[in-house]
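These numbers were taken from a predicted model, which means no experiment stands behind them.
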Amino acid sequence: MAPSATADAVDSKQVGNIHRDYSEDRNASSEDTVYVAGNGAPYPHPYEAQRVGENGPLLLQDFHLVDLISHFDRERIPERVVHAKGGGAHGYYQTTDTLEDICMADLFQAGKKCPISVRFSTVGGESGSHDCARDPRGFSIKFRTEEGNWDMVANNTPAFFLRDPAKFPHFIHTQKRDPQNHMTHADDSTMFWDYLSQNPESVHQVMILMGDRGIPDGWRKMHGYAGHTLKLVNKSGEWVYAQMHMKSKQGTDFITQADSANYSPDYAQKDLYNAIEKGDFPGWDVCWQIMTPKEAEDLWEKQKINILDLTHVWPHKQFPLRKVGEFFLNENVKNYFAEIEQIAFNPGHLVPGIEPSADPVLQSRLFSYPDTHRHRIGVNYQQLPVNSPRVPYKMANFQRDGQMAFFNQGSRPPYLSSISPIQFRQRTTDLDKTHSHFIAGAVAFLSEIRPEDFNAARALWEKVMDDAAKERFIENISGHMSTCRKEDIIKRQIAIFREVSGDLASRLEKATGVKGHASIADLTFNGTHNGFAKEESKKHANGMKPAAHVGDSIVKSNGAPAAGTHNFEVLAH
């Protein structure tokens with residue numbers, strides 16, 4: 001007897017309703033599960049294999065074995081090109097002091113709270129590298145707000161090695177293994193110092209890296225810094241420049257170079273995991289530095305601090321930290337691969353009220369991060385459970401198909417339909433007003449090294465480091481330089497440090513036994529124009545003159561928001 005139409009209708013509805021729930025699967029105990037092959041069919045034992053008799057070859061018909069081995073052969077995805085080694089946890093953020101006067105983001109309204117996931121990492125090392133390597137640390141947070149995911153992709157240092165985005169791939173290559181001897185810069189530092197000695201704007205970050213903050217005592221005892229300048233927009237459409245800081249409630253501490261070898265390769269991971277397991281939940285204060293467009297112009301004109309330059313920092317006395325909230329990590333992950341290896345942060349994941357600035361390295365990262373995720377974990381990376389938004393409305397867009405399309409939006413029209421229309425939220429941010437102040441033609445831009453680029457590094461040496469810290473710094477650098485195969489690289493780097501402090505250079509010369517070049521004014525750099533040079537031939541990077549040459553300077557404002565950068569008539573509307 002044929003099944004009834006009613007029965008068919010019930011069965012077809014069930015097909016749409018029966019599904020595996022990620023949270024239920026994540027929290028199920030082993031005792032609650034049944035062993036199955038990939039298609040869900042129960043199988044009596046995972047170690048069995050079909051063969052022709054007791055001594056014969058295997059049978060191709062053994063789906064269980066083929067399914068098992070085929071998946072095993074493919075169970076690794078490419079590691080991250082940068083920030084490969086890391087770990088993290090889940091927790092929550094809460095607003096303690098509203099920011100609504102300068103930012104419309106729902107997250108920053110009084111009393112708001114949302115779940116978060118945080119991933120910490122080293123920058124240059126591969127996935128099996130040591131947690132106590134001398135390297136900056138990544139500090140990324142995924143805020144799952146009611147307006148979508150906001151990702152803060154940060155580091156534990158307020159500055160970075162570069163400000164020209166095209167340098168980034170080249171710089172990272174110098175932090176990896178040598179293409180011939182396949183050694184890292186722990187054993188052969190030639191590439192490392194060759195790059196830095198040709199790109200002296202890196203000196204501030206080098207001072208931080210080779211100082212006490214170069215090896216933080218685990219992830220709990222370090223601060224986090226956006227580094228990049230963002231724009232915060234309020235409900236009136238007014239905007240300000242802003243930089244976010246995450247200040248550790250545990251305080252900060254460091255591990256010395258000599259002592260680092262005594263720690264486990266997974267020390268930071270173990271420290272975070274064990275702290276959470278025993279209920280010692282680490283926390284951070286979320287603070288912002290705020291600056292108006294006019295203040296940004298004045299800061300360049302009067303103090304030569306460029307807020308769109310990742311190698312510069314904002315003075316705290318002029319732009320004090322304003323606390324808005326805090327977050328805590330109170331839940332370890334259940335599955336490292338699903339919740340840490342597959343988590344994908346993107347500085348372009350913004351919510352209304354938070355916008356990017358014209359910082360060129362930030363602008364480059366807006367492309368680079370999602371491009372990497374689409375290569376590494378697939379075009380639908382935002383559908384993976386750890387990346388999926390948790391919003392109070394049903395989501396719709398017209399992104400369909402591709403690998404691993406878990407949510408393909410059913411039978412809804414794959415275009416803007418007038419028959420079955422989707423809903424739209426009213427515009428809350430006037431992007432024309434927020435981003436319309438650029439009036440210029442195209443420029444092939446490369447920055448110039450100038451005296452102001454050494455101010456922060458000099459302050460770090462003279463005002464922050466005590467005598468013991470200075471001794472450790474010289475020991476760290478001279479030890480690292482001992483594996484550099486080209487003496488002229490060390491001479492160049494000492495000349496760069498001489499612009500920071502004559503005392504620093506002298507100490508380094510004594511420690512390395514190498515006499516550095518007298519001044520960078522006599523050098524040419526392959527990575528930056530030389531604003532110190534007196535001879536025309538030494539001013540240009542690689543001897544290549546730029547299309548525009550302004551007076552004694554190669555570039556006029558070095559990319560800073562100089563006077564006239566902002567159209568204040570537009571801002572006033």
Return yes if a side-chain donor-acceptor contact under 3.5 Å exists between [X] and [Y], otherwise no.
X: Asp266; Y: Ser264; value: no
X: Asn380; Y: Gln399; value: no
X: His228; Y: Gln243; value: no

Could you check if a side-chain atom of Asp164 sits within less than 4.5 angstrom of a side-chain atom of Pro360, using non-hydrogen atoms only?
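The answer is no, as the side chains (C-beta and beyond) never meet within the 4.5 Å cut-off.
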May I ask you to test the Pro347-Tyr369 pair for a side-chain heavy-atom distance under 4.5 Å?
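The answer is yes, as the side chains (C-beta and beyond) meet within the 4.5 Å cut-off.
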Is it the case that the ring center of [Y] lies less than 6.0 angstrom away from the ring center of [X]?
X: His185; Y: His480; answer: yes
X: Tyr92; Y: Phe327; answer: no
X: Phe328; Y: Phe281; answer: no
X: Phe120; Y: Phe139; answer: yes

ring-ring contact (aromatic ring centres under 6.0 Å, His included) between Tyr225 and Trp314: does it pass, once the steps are laid out?
CA-CA 12 Å; Tyr225 304 88; Trp314 297 14; over 10 Å; no
Could you tell me if Lys142 sits above the aromatic ring of Phe345, with its cationic atom closer than 6.0 Å to the ring centre and no more than 45 degrees from the axis?
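Judged by the rule, Lys142 and Phe345 form a cation-pi pair.
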Tabulate below the donor-acceptor pairs under 3.5 Å that side-chain atoms of residues 35-47 make, not counting sequence neighbours, or state none.
from, atom 1, to, atom 2, distance (Å)
Tyr35, OH, His64, NE2, 2.7
Asn39, OD1, Ala41, N, 3.3
His45, ND1, Tyr47, N, 3.0

